[in-house]
K.L.:
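Below: one structure in structure tokens.
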Amino acid sequence: MKKVLKILFKIIGISFSVLFTIYMLNLDMKLVGFIYNWLNKFHDKKDSLRDIQF
């Protein structure tokens, strides 16, 4: 039982430290900004004269 609790506390501690690092460095919004810029570049390269079909 003690081994299970040790492993559980290690998993919780590691996941807390990873989430805290992501929060403090604002990595989630940096990733969203990167994806947003990449999608803008991707869609700007497409032919703008093509009709949109539904």
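Keep in mind that the numbers below use all heavy atoms, side chains included, and drop hydrogens, waters and symmetry copies.
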K.L.:
Where do D28 and I22 come nearest, in terms of heavy atoms and distance?
P.N.:
N-CG2, 4.2 Å
K.L.:
Show the atom names and distances, to 0.1 Å, of all donor-acceptor pairs under 3.5 Å that link a side chain in residues 9-17 to residues at least two apart or in another chain.
P.N.:
from	atom 1	to	atom 2	distance (Å)
S15	OG	I11	O	2.8
S15	OG	I12	O	3.1
S17	OG	G13	O	3.2
S17	OG	I14	O	2.8

K.L.:
How is the hydrophobic cluster of Y23 composed, in terms of its other members, when Ile, Leu, Val, Met, Phe, Trp and Tyr link through side-chain heavy atoms under 4.5 Å apart, directly or indirectly?
P.N.:
F20, M24
K.L.:
Identify all side-chain donor-acceptor contacts of residues 29-44 below 3.5 Å with residues at least two apart in sequence or on another chain.
P.N.:
from	atom 1	to	atom 2	distance (Å)
K30	NZ	L25	O	3.4
N37	ND2	G33	O	3.3

